[in-house]
Every structure is written in structure tokens, then in C-alpha cells.
Protein chains: 2
Amino acid sequence: MGRVQTFDTAEAVRAARAVFWAHGYEDASIPALEAATGLRRSSIYHAFGSKRGLFDAAVGSYLDEVVRPRLRPLTAERVEPDAILDYLRGLRGALERAGSFASENGCLLVNTAGAPIAHDQTVRKTVADYRAELHHAIAVGLRAHLPDLPDDRRDRLADACTGLVVSAFALTRVDNAGALRSLDAALDLIAAAD
Amino acid sequence: MGRVQTFDTAEAVRAARAVFWAHGYEDASIPALEAATGLRRSSIYHAFGSKRGLFDAAVGSYLDEVVRPRLRPLTAERVEPDAILDYLRGLRGALERAGSFASENGCLLVNTAGAPIAHDQTVRKTVADYRAELHHAIAVGLRAHLPDLPDDRRDRLADACTGLVVSAFALTRVDNAGALRSLDAALDLIAAAD
DNA sequence: ATAGTTTTGGAACGATCATTTCAATAAGGT
DNA sequence: ACCTTATTGAAATGATCGTTCCAAAACTAT
């Protein structure tokens with residue numbers, strides 16, 4: 001055994017994640033990634049192989065540390081009846097804070113969906129899987145909130161809520177007020193289904 | 001008067017528009033724009049000043065030739081009761097055709113919303129205005145379809161439909177089926193409000 | 001035809017991009 | 001303390017980026 005890695009991989013990926021999140025894959029330059037992670041090119045290439053490798057790691061970290069923790073109350077063993085409302089309100093709160101990272105940058109994966117790198121097959125699948133995961137969590141949350149709603153109606157309501165969450169993410173950077181209206185519309189739909 | 005411009009400006013802008021639409025602002029290279037328009041750099045820079053100038057022209061052309069024609073039946077003097085349904089179904093039809101330009105590339109402005117260039121103030125406003133225009137047209141269409149619906153309820157329904165249209169555009173490149181579900185959810189909401 | 005003006009082709013610009021290379025450095029394991 | 005192996009710093013690679021420049025070509029107006 002020789003020298004051991006001095007930096008924390010997860011920490012470096014988190015730092016890179018923020019850069020990709022804010023600037024997108026193509027505009028996240030190696031110098032910017034160096035500055036954010038505190039690593040030199042050589043270390044980055046040694047640890048992740050390529051810019052793309054680092055991006056993939058960042059996406060994995062985003063799913064594990066950002067997306068899924070937020071979704072957990074909706075997918076846990078026992079789901080509280082108001083978990084879906086808490087989720088949407090929590091998201092609204094995050095997007096509401098003017099100048100916050102979330103309100104300025106939305107969702108890493110939704111941004112990616114419209115970016116050039118989305119022509120890549122693997123990336124497409126990642127984003128599509130993310131949408132499915134989001135939809136599933138929302139559907140489970142709706143079942144706990146509205147146990148008497150027929151399955152097909154609940155699934156349609158989940159489609160609407162999922163779409164509205166996606167649109168809030170897609171819009172927030174450019175039209176924060178519009179993004180909040182999307183989330184309010186989702187909360188309204190759920191209230192109306194009671 | 002000297003030599004007159006040999007190419008058709010509107011035609012060149014249309015060609016450039018397709019490049020920006022498919023690849024995004026930052027990944028639309030000058031060589032690609034030259035190839036698409038059939039113009040040399042010098043002509044492009046002479047006519048539009050910069051890549052950004054060409055992009056702005058492309059966005060204007062997109063609004064005038066793509067967005068507003070589609071929205072016209074919703075904003076005309078007389079609005080047919082089913083105009084809003086026709087709009088959503090027409091959009092669905094366009095996104096449904098696998099491999100079509102629309103299904104592969106969504107909306108130029110929604111893609112732009114998540115791209116790096118969206119940090120530019122002017123671009124932000126353009127996209128926000130677009131969303132407002134879309135929302136207004138949808139609200140007018142809903143008024144013709146559901147004249148008895150109270151104003152506040154109609155406005156909320158318009159928020160939901162607008163958001164779902166945006167999410168369909170945001171998703172289609174990466175998850176076409178998910179995009180269609182968003183539009184179906186919008187059609188469902190309108191049907192349920194009858 | 002000629003003069004005057006604009007467009008155009010082609011080459012060159014400096015800047016920045018992602019990636020590679022390699023020697024110097026650092027830190028286990030023995 | 002030594003040897004081995006991995007990490008790191010720094011410089012260089014070739015490619016491509018958006019932009020500029022200028023002389024040659026093209027066309028209108030007189």
C-alpha cells in the first residue's frame with residue numbers, strides 16, 4: 001500500500017455537484033470544478049476518469065443526498081396522511097426563499113433534461129427514472145392522504161402533481177412566481193379531491 | 001445604395017432557430033450555424049452582430065412563427081368553446097409523433113429556462129413573459145370552455161394547465177411518455193371541471 | 001460604364017476547452 | 001528507515017470556441 005487519498009470523495013462530489021447544478025454540465029469548466037472541489041485536474045481525472053465521470057458521481061450524490069431524503073416520508077414503511085402536503089409545502093418553502101440555491105437553480109436533473117447532454121442515452125434514462133421515482137412517491141403519498149380515492153383517479157392526480165413539481169423546477173430560475181403558482185396549483189388539486 | 005443582401009433574413013433565422021432549439025444556445029457552434037443557414041461567419045456577424053444577436057432573432061422568430069400561431073385560436077376576438085381542448089390535443093399530437101422535431105426537442109424557451117444562458121437578465125424576462133403569455137391564452141380558452149366557472153377557480157385551473165404544458169415541454173426529450181401524461185392530466189382536469 | 005456602397009469569403013486572432021503526461025511528493029506496509 | 005505504491009502539482013497537448021479583419025466580389029444608382 002502506498003499513499004492514501006487525502007480528500008473526502010463524497011465531499012468533493014458534493015462540491016462538484018453544486019457547480020453542475022448551477023451551471024449545467026457543458027458550462028461547468030474544469031477550472032471551476034477545480035476551484036469548487038479544491039482538487040487539481042490530475043486528482044479529478046485520477047479519481048473520476050473524466051468530467052463525465054464526475055458528473056455521473058454528482059448525479060448519484062444528488063439522488064442519494066438531495067432527492068431521496070426529501071422523498072423518504074412518502075416512501076417509508078408507514079406514510080403519514082399529510083406527508084404529501086408536507087412535501088409540497090416544503091418544496092414551496094425552499095423555492096420561495098429569494099436568492100436561495102434552490103430557487104436560483106431548481107433541480108439538477110430537470111435542468112439536465114433540457115440541456116445538450118440530454119441527447120445522451122444514459123442521461124435520458126437517468127432523468128426518466130427520476131421522474132418515475134418522483135411519480136411513485138407522490139402516488140404513495142396521495143394514497144395515504146386520500147385512501148378512498150379510486151386507483152385510476154389517484155394515478156391521474158399523481159400525474160398532475162408530478163408534472164406541476166417538474167414545471168416548478170423548470171421555471172424557478174427564470175420565473176420564480178410562476179414556479180410557486182405551479183406548486184400552489186398542485187396543493188389546490190389535492191385539496192379539491194378531499 | 002450598394003450591393004443588396006442576397007439571402008432571406010427570416011429564412012436564415014429560421015434555420016438558426018432549429019439549431020438553437022435542438023442544441024441549446026451554448027452548444028450551438030458558429031460552424032453549425034453556418035452550415036444550417038448557408039451563410040459564412042462574416043455574413044452572420046454583419047447581419048446579427050454576434051451569436052447572441054442571432055439567438056435573440058431566433059427567439060423572436062420562435063415566438064412569432066411557432067408560439068403565437070398555435071395560441072391564436074385562444075386569444076382571437078371570438079374564441080371557440082373547444083379551442084383549449086384543440087390546443088392541448090394538438091400539442092399532444094405533436095409530442096406523440098416519435099422522432100418528430102417537437103417530441104425530440106420540446107420548446108426552445110423551456111429548454112432555455114434551465115440552460116446557463118438563463119442567468120442572463122434579459123433572457124429570464126423573455127421566458128417569464130412567455131409563460132405569462134401562455135397562461136393568459138390558456139385562461140381565455142378556459143373562460144370560453146367553462147363560462148360558468150368562477151374567476152378564481154378558473155385562474156387556478158389555468159395555473160395547473162400552464163404548469164402541465166411547461167412540464168410536458170421540459171420532459172419530452174428525455175421522457176416522452178411522461179410528457180404525454182402531463183398533457184393528459186391537463187385534459188383530465190378540464191374534463192373534471194365540467 | 002463608372003462610381004459608390006455593401007456583402008461576402010477566407011484566414012487569422014486570442015481565449016478557453018477537456019484531456020494527457022510526467023516527475024515530484026507523500027504516506028502506508030514491512 | 002526503506003521500499004513500494006498512490007496522489008499530486010504543473011506544464012503542455014490539440015481542438016474548438018466566438019470574434020475580428022480585410023481585400024475581393026457584387027450590385028445599385030447615377
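In what follows, chains carry the letters A, B, and so on, assigned in the order in which the sequence lines appear, proteins first and then strands, with residues in each chain numbered from 1.
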Give the rounded distance in Å between these two atoms: [atom1] of [X] and [atom2] of [N].
{"X": "A/R40", "N": "D/dG9", "atom1": "CZ", "atom2": "P", "value": "5 Å"}
{"X": "B/Q5", "N": "C/dT8", "atom1": "CD", "atom2": "C1'", "value": "11 Å"}
{"X": "A/F48", "N": "D/dA6", "atom1": "CZ", "atom2": "P", "value": "17 Å"}
{"X": "A/E34", "N": "D/dG9", "atom1": "CD", "atom2": "C1'", "value": "10 Å"}
{"X": "B/I117", "N": "D/dG18", "atom1": "CD1", "atom2": "C1'", "value": "13 Å"}

Practice problem: Using a 4.0 Å cut-off on protein heavy atoms (strictly under), produce a 5'-to-3' string for nucleotides 16-23 of chain C with B for base contact, S for backbone-only sugar-phosphate contact, and - for none. | Solution: -SSBB---

Is any side-chain heavy atom of [X] less than 4.5 Å from a side-chain heavy atom of [Y]?
{"X": "A/Y130", "Y": "B/D175", "result": "no"}
{"X": "A/L149", "Y": "A/L142", "result": "no"}
{"X": "B/L134", "Y": "B/I138", "result": "yes"}

Quiz item: Hey, is the main chain of A/L95 close enough, under 3.5 Å, to the side chain of A/N176 for a donor-acceptor pair?
Solution: yes

Quiz item: Under the 3.5 angstrom rule, does the side chain of A/T112 hit a backbone N or O of A/L108 as a donor-acceptor pair?
Solution: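 Checked: pair present.
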
Quiz item: Do you know the tightest heavy-atom contact between A/L63 and A/P69?
Solution: O-CD, 4.1 Å

Practice problem: Answer yes or no: does a side-chain N or O of B/S43 lie under 4.0 Å from OP1 or OP2 of C/dT8? | Solution: yes

